[in-house]
Trainee: 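Pasting a structure below so you can have a look.
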2 protein chains.
Amino acid sequence: MSIEKDINQKEFKNAFQKVYINLMYTNSWMQDLSKTWCKQFDITQQQYNVLRILRGAHPNCMNPGSIKQVMIDKSPDLTRLIDRLIDKEYVQRETCGSNRRKVDVIITQKGLDKLSELDPHEDGMLDNVRNLSEEEANQLSSLLDKLRNSRDE
Amino acid sequence: MSIEKDINQKEFKNAFQKVYINLMYTNSWMQDLSKTWCKQFDITQQQYNVLRILRGAHPNCMNPGSIKQVMIDKSPDLTRLIDRLIDKEYVQRETCGSNRRKVDVIITQKGLDKLSELDPHEDGMLDNVRNLSEEEANQLSSLLDKLRNSRDE
DNA sequence: CAGATGTAGTTGTTTAAACAAATTGTTTCC
DNA sequence: GGAAACAATTTGTTTAAACAACTACATCTG
């Protein structure tokens with residue numbers, strides 16, 4: 001369905017307002033799917049994102065600061081997000097040896113196992129965007145990159 | 001900057017995973033801008049969205065159910081969102097005459113004034129997406145519409 | 001027209017997001 | 001080498017999101 005029909009708005013001020021609203025609407029739609037997907041595995045989207053980041057670093061550890069830099073949705077409260085991952089025993093945390101202001105966070109075996117459990121189901125999630133051809137998907141990615149460049153740097 | 005650099009991930013599983021992550025990342029980036037924009041006017045994004053919907057209906061009223069249908073980001077707790085708009089005196093609420101299960105919500109003059117105050121600043125917000133040409137913006141909108149069609153109906 | 005079913009909103013409660021201020025540790029620079 | 005500036009994370013507190021359970025009303029069906 002077109003965005004016009006979805007939100008019952010006949011016309012937009014211009015193409016920029018339309019794409020702006022369309023992006024937010026599409027994201028909300030996708031968040032719903034993603035949240036539901038994560039929920040069946042008893043994990044939140046952000047926790048999943050952080051776990052994957054830590055798996056990328058494994059067997060090295062990462063500091064909250066550098067985790068935050070590469071998070072998709074930057075949480076202002078990484079401390080307590082990590083607290084919750086510790087509760088679930090998916091990560092460990094200890095003071096960094098070389099710089100005691102910093103904290104080392106590392107994914108545990110249990111965390112790695114959890115991700116392995118989810119991996120085979122990822123395609124099911126991605127099916128939600130498979131209405132696009134591969135070429136269109138790439139095109140969309142490029143447009144998004146270009147969009148962000150307007151102010152990013 | 002490309003999504004690869006932004007989240008420091010060298011490669012993706014495929015074009016679909018990439019576009020999926022790129023969308024969420026772009027949205028988070030845009031949410032930040034939008035939130036900051038709204039904040040200077042002491043309003044939240046959702047409140048702004050609801051006010052605009054009600055202005056579209058004005059001088060008619062709308063029920064929470066139909067507001068929710070056309071919201072960009074559908075809140076599960078519209079009752080209290082409207083409570084907050086009532087606190088600010090931007091809307092009024094009363095039981096619907098013809099169907100007493102329903103509630104009539106209508107924007108007040110103060111609400112309309114508030115929107116008029118924000119209107120001239122909207123272009124400033126849209127500047128964030130003006131790195132795209134008009135044609136690219138339209139193309140992006142179409143791709144987003146197509147993306148959502150995968151499961152929507 | 002009574003009981004069942006469905007609909008529209010609301011309320012209670014748990015949990016997490018947001019933001020500012022504070023804490024702790026490291027550099028820098030006279 | 002000590003004060004000032006900065007950096008990395010944490011904590012406190014206010015506010016809102018999430019979800020389920022609930023109330024009140026309408027409609028349908030026999």
Side-chain angles (χ1 to χ4, degrees), chain A residues 24 27-29 31-50 53-54 61-88 91-106, chain B residues 24 27-29 31-50 53-54 61-88 91-106:
Chain A
M24 293 199 292
N27 185 73
S28 171
W29 168 87
Q31 288 285 322
D32 280 349
L33 294 169
S34 173
K35 210 174 283 177
T36 306
W37 186 87
C38 284
K39 209 171 165 184
Q40 59 182 145
F41 303 110
D42 193 31
I43 197 171
T44 68
Q45 295 166 283
Q46 293 217 329
Q47 288 172 8
Y48 183 47
N49 187 213
V50 169
I53 289 167
L54 287 172
C61 57
M62 283 182 84
N63 316 121
S66 45
I67 293 173
K68 193 169 182 171
Q69 270 179 9
V70 296
M71 279 180 78
I72 295 171
D73 189 2
K74 287 141 187 28
S75 163
D77 195 5
L78 205 41
T79 302
R80 277 173 281 210
L81 201 164
I82 291 169
D83 285 347
R84 283 168 222 132
L85 287 173
I86 290 173
D87 286 346
K88 292 179 175 173
V91 307
Q92 285 181 335
R93 172 171 56 190
E94 56 187 50
T95 307
C96 174
S98 61
N99 185 337
R100 308 204 335 178
R101 279 174 307 187
K102 292 188 180 180
V103 164
D104 285 340
V105 182
I106 189 167
Chain B
M24 294 199 292
N27 186 72
S28 170
W29 169 85
Q31 288 285 322
D32 280 350
L33 294 168
S34 174
K35 208 173 287 177
T36 306
W37 186 86
C38 284
K39 209 171 164 184
Q40 60 181 146
F41 302 110
D42 193 30
I43 197 171
T44 67
Q45 295 166 282
Q46 294 216 328
Q47 288 172 8
Y48 183 47
N49 187 213
V50 170
I53 290 167
L54 287 171
C61 57
M62 283 181 84
N63 316 121
S66 45
I67 294 173
K68 193 168 180 173
Q69 270 178 8
V70 297
M71 279 180 78
I72 294 173
D73 188 1
K74 288 145 187 25
S75 164
D77 195 5
L78 205 42
T79 302
R80 276 172 282 211
L81 202 163
I82 292 168
D83 285 347
R84 283 169 221 131
L85 287 172
I86 291 173
D87 286 345
K88 292 178 175 173
V91 307
Q92 285 181 336
R93 172 170 56 190
E94 57 187 49
T95 307
C96 175
S98 61
N99 184 338
R100 306 200 338 174
R101 279 174 306 185
K102 293 189 179 180
V103 164
D104 286 341
V105 182
I106 189 167

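Letters go in sequence order (proteins before strands), and every chain restarts at 1.
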Trainee: So with a 6.0 Å cut-off around CD of B/Gln92, is the heavy-atom count from everything else above 12?
Mentor: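 Atom CD in B/Gln92 is not packed in, count stays at 12 or less.
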Trainee: Would you say A/Arg100 places a side-chain N or O within less than 4.0 Å of OP1 or OP2 belonging to C/dT24?
Mentor: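 For C/dT24, OP1/OP2 do not have a side-chain N/O of A/Arg100 under 4.0 Å.
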Trainee: Between B/Lys68 (NZ) and D/dA17 (P), how many Å, whole number?
Mentor: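 B/Lys68 atom NZ is separated from D/dA17 atom P by 13 Å.
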Trainee: What integer distance in Å separates B/Gln47:CD from D/dT15:P?
Mentor: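 Spelled out: CD on B/Gln47 to P on D/dT15 is 13 Å.
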Trainee: Is there a side-chain polar atom (N or O) of B/Lys39 under 4.0 Å from OP1 or OP2 of C/dC19?
Mentor: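 For C/dC19, OP1/OP2 do have a side-chain N/O of B/Lys39 under 4.0 Å.
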Trainee: Give, for atom CD of A/Gln47 and atom CG of A/Asp42, the distance between the pair rounded to the nearest 0.5 Å.
Mentor: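 Going from the CD atom of A/Gln47 to the CG atom of A/Asp42 covers 8.5 Å.
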Trainee: Can you establish whether the number of heavy atoms outside B/Glu94 located under 6.0 Å from its atom CD is more than 12?
Mentor: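 No - once you tally the heavy atoms of other residues, nucleotides and ligands closer than 6.0 Å, there are 12 at most.
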Trainee: Distance check needed: C/dA18 P versus A/Lys74 NZ, whole Å only.
Mentor: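 The answer, rounded to whole Å, is 14 Å.
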Trainee: Let me know the distance between NZ of B/Lys35 and P of D/dT15, rounded to the nearest Å.
Mentor: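 My rounded result for the distance is 17 Å.
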Trainee: Less than 4.5 Å apart, side chain to side chain, heavy atoms only: is that true for A/Thr95 and A/Asp104?
Mentor: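 No, too far: nothing below the 4.5 Å cut-off.
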Trainee: Looking at every non-hydrogen atom in both residues, tell me the closest pair between A/Lys68 and A/Pro76 and how far apart they are.
Mentor: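 So the two residues come closest at NZ-CA, 3.9 Å.
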Trainee: Atom CG of A/Leu81 and atom C1' of D/dA8: how far apart are they, to the nearest Å?
Mentor: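 About 17 Å, once rounded to whole Å.
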Trainee: How close do A/Ile82 and A/Pro64 get, counting heavy atoms only, and between which atoms?
Mentor: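 In terms of heavy atoms, the two residues are closest at CD1-CG, 4.3 Å.
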Trainee: Can you give one letter per nucleotide of nucleotides 2-14 of chain C, 5' to 3': B if a protein heavy atom sits under 4.0 Å from the base, S if only from the sugar-phosphate, - if neither?
Mentor: ----BBSSBBBB-
Trainee: How close or far is atom P of C/dA18 from atom CD1 of B/Ile43, stated in whole angstroms?
Mentor: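 One finds 18 Å between P of C/dA18 and CD1 of B/Ile43, rounded.
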Trainee: If I take atom CG in residue B/Asp42 and atom C1' in nucleotide C/dA18, what distance separates them, rounded to the nearest angstrom?
Mentor: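 It works out to 15 Å between those atoms.
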